[in-house]
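Data first, discussion second: the structure below is written as structure tokens.
Keep in mind that the numbers below use all heavy atoms, side chains included, and drop hydrogens, waters and symmetry copies. Just so it is clear: chains get the letters A, B, ... in the order the sequence lines come, proteins before strands, and each one is counted from 1.
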Amino acid sequence: MSQTGDQFKKIIAHCKEYGYIFQSSEVYDGLAAVYDYGPYGAELKNNIKAYWWKAMVHANENIVGIDSAIFMHPKIWKASGHVDAFNDPLIDNKDSKKRYRADTLIEEYVEKKLTAKIEKEVAKAAKRFGDSFDREQFVSTNPRVVANVEKRKKVMDRFTAAMANNDMAELKQIIIDAEISDPISGTKNWTDVRQFNLMFSTQMSNIAGSEDDSKLYLRPETAQGIFVNFLNVQKTTRQKLPFGIAQIGKAFRNEIVARQFIFRMKEFEQMEMQFFVAPGTEMKWYEHWKAERLKWHHQVTPNEKLRYHDHDNLAHYANAAVDIEFEFPFGFKELEGIHSRTDFDLRSHQELSGRKLQYFDNEKNESYVPYVVETSIGVDRMFLSVISNAFKEEEVPDAKGGTSTRTVLNIHPALAPVKVAVLPLLKKDGLPEASRAIMDELKYDLNCFYEDKDTIGKRYRRQDAVGTPFCITIDHQTLEDDTVTLRDRDSMKQERINKNALLDKVKAATSMINLIKA
RNA sequence: GCGGAAGUAGCUCAGCUGGUAGAGCAUCAGCCUUCCAAGCUGAGGGUCGCGAGUUCGAAUCUCGUCUUCCGCUCCA
């Protein structure tokens with residue numbers, strides 16, 4: 001761990017040093033699990049988003065993009081299940097330092113203690129009475145069983161009431177009254193029950209049709225903005241099934257433990273595509289997108305750093321789910337999820353809103369709620385995968401015939417923040433002027449960087465460190481025959497070409513269109 | 001959220017047992033040279049994370065707080 005931990009620390013330090021990522025609100029000591037993207041970071045992030053958008057929306061005639069609001073009607077989160085499922089009452093045992101969900105603690109107690117006791121008595125009696133055993137009669141008359149059944153009912157009544165009222169104090173009292181102890185430490189030394197709602201909330205007055213007319217959530221996922229716009233989009237774009245809606249946007253989760261740099265943040269950005277299909281065809285499309293998405297990753301990331309990981313237990317909305325995992329410095333972790341979400345979301349919104357969210361299928365001559373296959377990737381995780389895959393420290397020959405270490409970001413040229421650096425060999429003899437002229441030719445098509453400070457070798461290294469794939473060097477010969485040196489970041493090889501050929505050559509080498517067409 | 005560790009210049013750190021801050025690299029200006037970093041001269045830059053306490057005096061001791069890292073926990 002220490003070596004990979006060191007590597008990860010180096011990457012984080014590098015991100016800060018070269019203006020990729022800063023801690024949020026650093027002058028005020030920072031804000032936990034929130035980060036800002038600096039100048040190079042913003043460029044890389046934009047490129048990642050563009051790569052996804054082009055591959056999804058522009059390359060597929062049956063996928064369209066939207067940009068829905070972060071604020072949405074509170075009922076949406078009721079329908080999606082987030083209000084219920086994102087609410088965990090948690091309690092800590094002070095001795096074992098373990099954290100439990102208070103509700104499962106109580107449920108387990110009821111299940112394993114009370115119910116088990118009752119069943120034990122019943123089983124014993126059944127053995128004793130043989131065929132003449134009447135379960136109903138026994139349960140309602142045996143004093144020990146009756147007491148336990150009574151007790152169970154009491155606990156369950158209090159429990160359901162407490163859960164319904166979000167009464168955390170009562171939940172703790174139930175645990176105390178039932179004398180539930182920590183399975184590890186065996187003690188009953190509990191903290192208070194605290195509720196961790198993973199959704200951030202804010203205020204808005206007068207929300208139509210809402211019981212609590214002020215509470216509003218910041219969306220914990222972008223997908224719902226797509227679902228509730230399903231019919232708007234389908235009708236206005238006249239799409240036929242199967243078709244998809246794509247969206248890039250911010251989402252917010254109040255993670256209890258948000259760590260590992262930008263891997264898990266409280267504010268993050270998602271790129272989601274919901275693909276609407278006829279019921280029964282979802283598994284075919286699930287397999288299709290599973291393959292398509294891995295291909296998209298393979299274009300910019302080596303195969304051996306990517307893998308599929310099937311979900312062991314499925315979320316409440318899904319009937320199939322797989323992750324595409326990337327080997328981060330801290331191990332293989334989820335980068336993208338592909339889920340077959342069935343008709344759960346649309347059906348749920350249809351029921352709660354009372355509006356039909358169905359598609360009329362001309363071929364089948366019937367209306368139905370489409371099934372959904374979702375691809376969902378975190379922009380920030382993709383960013384982290386690109387950076388951690390790119391970061392390398394290598395030994396290279398130096399001018400004196402020895403070796404030196406260079407730090408290089410081997411970012412795919414199509415994603416690199418700066419495409420080309422324009423460097424006059426000397427800061428005199430008209431070379432800066434000639435360089436500026438070349439820069440002016442390129443900068444409207446390619447993100448360029450000009451520098452004439454320090455030695456040429458030093459400038460090359462600086463460009464390596466920010467991941468610029470090409471350096472153009474202007475020397476005295478340029479003034480005579482219009483040729484320049486084009487230096488490649490990865491091989492460090494140089495070639496002499498005419499300055500008029502620069503634009504086409506660098507554009508071709510840094511284009512993301514080729515990745516998408518391939 | 002719990003436990004452990006840490007926080008001194010942009011970065012990496014030194015500053016031992018309390019006496020009002022240093023180095024290297026980086027930055028900026030100038031010189032020299034020039035196709036793969038670390039030549040010469042000079043300059044700028046620090047509320048010692050923040051707040052309180054002890055003390056004549058705190059970067060140094062105590063407490064609180066924030067942030068980061070590690071472990072636990074959680075994870076749609």
Side-chain angles (χ1 to χ4, degrees), chain A residues 1-2 5-6 8-10 12-14 16-19 22-34 80-82 85-86 88 90-101 104 184 191-194 196 198 220-221 223-224 251 253-261 263-264 270 311 313-318 321 323 330 333-334 337 339 341 344-345 374 376 396-400 402-408 423-429 431 452-465 471-477 484-489 492-494 496:
Chain A
M1 182 61 204
S2 74
D6 285 351
F8 190 38
K9 277 182 188 163
K10 277 184 188 170
I12 295 169
H14 193 85
K16 189 188 173 189
E17 188 177 353
Y18 288 93
F22 307 122
Q23 166 108 50
S24 164
S25 318
E26 206 184 58
V27 294
Y28 288 103
D29 293 332
L31 189 62
V34 184
S80 70
H82 285 83
F86 254 31
D88 295 339
L90 299 178
I91 189 167
D92 289 352
N93 182 275
K94 289 178 186 167
D95 299 309
S96 68
K97 310 290 181 202
K98 295 281 175 189
R99 164 168 296 169
Y100 302 92
R101 280 179 54 171
T104 50
I184 291 172
T191 63
D192 285 341
V193 177
R194 284 146 308 171
F196 288 97
L198 257 48
E221 65 174 23
Q224 298 304 325
R253 287 181 199 175
N254 196 5
E255 300 283 354
I256 305 161
V257 175
R259 237 184 266 169
Q260 283 163 324
F261 198 36
F263 184 79
R264 181 168 288 127
Q270 294 184 305
H311 279 222
N313 37 10
L314 297 171
H316 61 80
Y317 55 72
D323 288 341
F330 41 86
K333 296 276 180 188
E334 176 183 356
H339 310 115
R341 291 182 79 127
F344 175 86
D345 299 277
E374 161 188 85
S376 173
V396 293
D398 66 17
K400 299 174 191 74
T403 60
S404 63
T405 308
R406 76 158 181 163
T407 304
V408 55
L423 315 170
L425 190 60
L426 298 178
K427 197 169 37 171
K428 59 180 182 184
D429 303 338
L431 297 184
D452 55 20
K453 221 183 109 52
D454 294 317
T455 63
I456 190 68
K458 207 165 183 175
R459 282 178 272 161
Y460 284 155
R461 294 298 166 86
R462 272 203 282 265
Q463 292 308 311
D464 288 342
C471 291
I472 295 167
T473 307
I474 289 82
D475 58 16
H476 293 96
Q477 194 184 331
V484 298
T485 305
L486 186 66
R487 182 246 191 200
D488 180 81
R489 175 194 66 198
M492 296 169 70
K493 292 234 168 69
Q494 314 192 123
R496 186 120 207 139

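- In this structure, the nucleotide among A76(B), C36(B), C75(B) sitting nearest to the side chain of Arg253(A) is A76(B).
- Atom name P, nucleotides A59(B) and U17(B): the rounded distance is 15 Å, in whole Å.
- For Ile12(A), the side chain to side chain contact (heavy atoms under 4.5 Å, CB included) criterion is met by Phe8(A), Phe261(A), not counting sequence neighbours.
- Between Gln23(A) and U67(B) there is no side-chain N or O to OP1 or OP2 distance below 4.0 Å.
- Side-chain proximity of Thr473(A) to C36(B), C35(B), A76(B): nearest is C35(B).
- Base pairing of A6(B) is made with U67(B), judged by Watson-Crick or G-U wobble geometry with both donor-acceptor distances under 3.5 Å.
- In this structure, Lys333(A) has no salt bridge (charged side-chain N to carboxylate O under 4.0 Å, His left out) partners at least two apart in sequence or on a different chain.
- One atom, CG of Asp475(A), and another, C1' of U33(B), lie 15 Å apart when rounded to the nearest Å.
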Please list, pair by pair, any protein nitrogen or oxygen found under 3.5 Å from a nitrogen or oxygen in nucleotides 43-48 of chain B.
none

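- Taking the salt bridge (charged side-chain N to carboxylate O under 4.0 Å, His left out) definition, one finds that Arg489(A) meets it with nothing, sequence neighbours left out.
- The side chain to side chain contact (heavy atoms under 4.5 Å, CB included) check on Ala13(A) picks up nothing, with sequence neighbours excluded.
- In this structure, of C75(B), U34(B), C35(B), it is C75(B) that holds the atom nearest to the side chain of Arg264(A).
- The distance between atom CZ of Phe8(A) and atom P of G71(B), rounded to the nearest whole Å, is 11 Å.
- Pair assignment for C11(B) gives G24(B), based on Watson-Crick or G-U wobble hydrogen-bonding distances that are each under 3.5 Å.
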* Asked: Which letter, B, S or -, goes with each nucleotide of nucleotides 25-32 of chain B from 5' to 3', with contact meaning a protein heavy atom under 4.0 Å?
  -> -SSS----
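- Under the Watson-Crick or G-U wobble criterion, with both distances below 3.5 Å, U34(B) has no partner in any strand shown.
- Under the salt bridge (charged side-chain N to carboxylate O under 4.0 Å, His left out) criterion, Asp429(A) pairs with no residue at all, not counting sequence neighbours.
- For the pair Tyr460(A) OH and C35(B) P, the interatomic distance rounds to 9 Å; values are reported in whole Å.
- The distance between atom CG of Asp488(A) and atom C1' of C36(B), rounded to the nearest whole Å, is 13 Å.
- Comparing the same atom, C1', in C48(B) and in G7(B) gives a spacing of 10 Å after rounding to whole Å.
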* Asked: How does protein contact run along nucleotides 6-11 of chain B, one letter per nucleotide 5' to 3', with B for base contact, S for sugar-phosphate only, - for none, heavy atoms under 4.0 Å?
  -> -----S
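- Not a single donor-acceptor pair under 3.5 Å links the side chain of Arg461(A) to the backbone N or O of Thr407(A).
- With rounding to whole Å, Ile12(A) atom CD1 is found 11 Å from U68(B) atom P.
- Thr455(A) is linked by a side chain to side chain contact (heavy atoms under 4.5 Å, CB included) to Lys458(A), counting only residues two or more places apart in sequence or in another chain.
- With sequence neighbours excluded, the residues that form a side chain to side chain contact (heavy atoms under 4.5 Å, CB included) with Glu221(A) are Trp77(A), His82(A), Ala223(A), Gln224(A), Arg253(A), Gln270(A), Arg341(A).
- Taking atom P on both U60(B) and A43(B), the two are 31 Å apart, rounded to the nearest angstrom.
- Under the salt bridge (charged side-chain N to carboxylate O under 4.0 Å, His left out) criterion, Arg406(A) pairs with Glu394(A), Asp464(A), not counting sequence neighbours.
- Separating the CG atom of Asn254(A) from the C1' atom of A76(B) is a distance of 16 Å, rounded to the nearest angstrom.
- The CD atom of Glu17(A) sits 12.5 Å away from the NZ atom of Lys10(A) when rounded to the nearest 0.5 Å.
- In this structure, Asp464(A) reaches neither bases nor backbone, as no heavy-atom distance under 4.0 Å exists between it and the strands shown.
- Tyr18(A) is linked by a ring pair (Phe, Tyr, Trp, His ring centres under 6.0 Å) to His14(A), counting only residues two or more places apart in sequence or in another chain.
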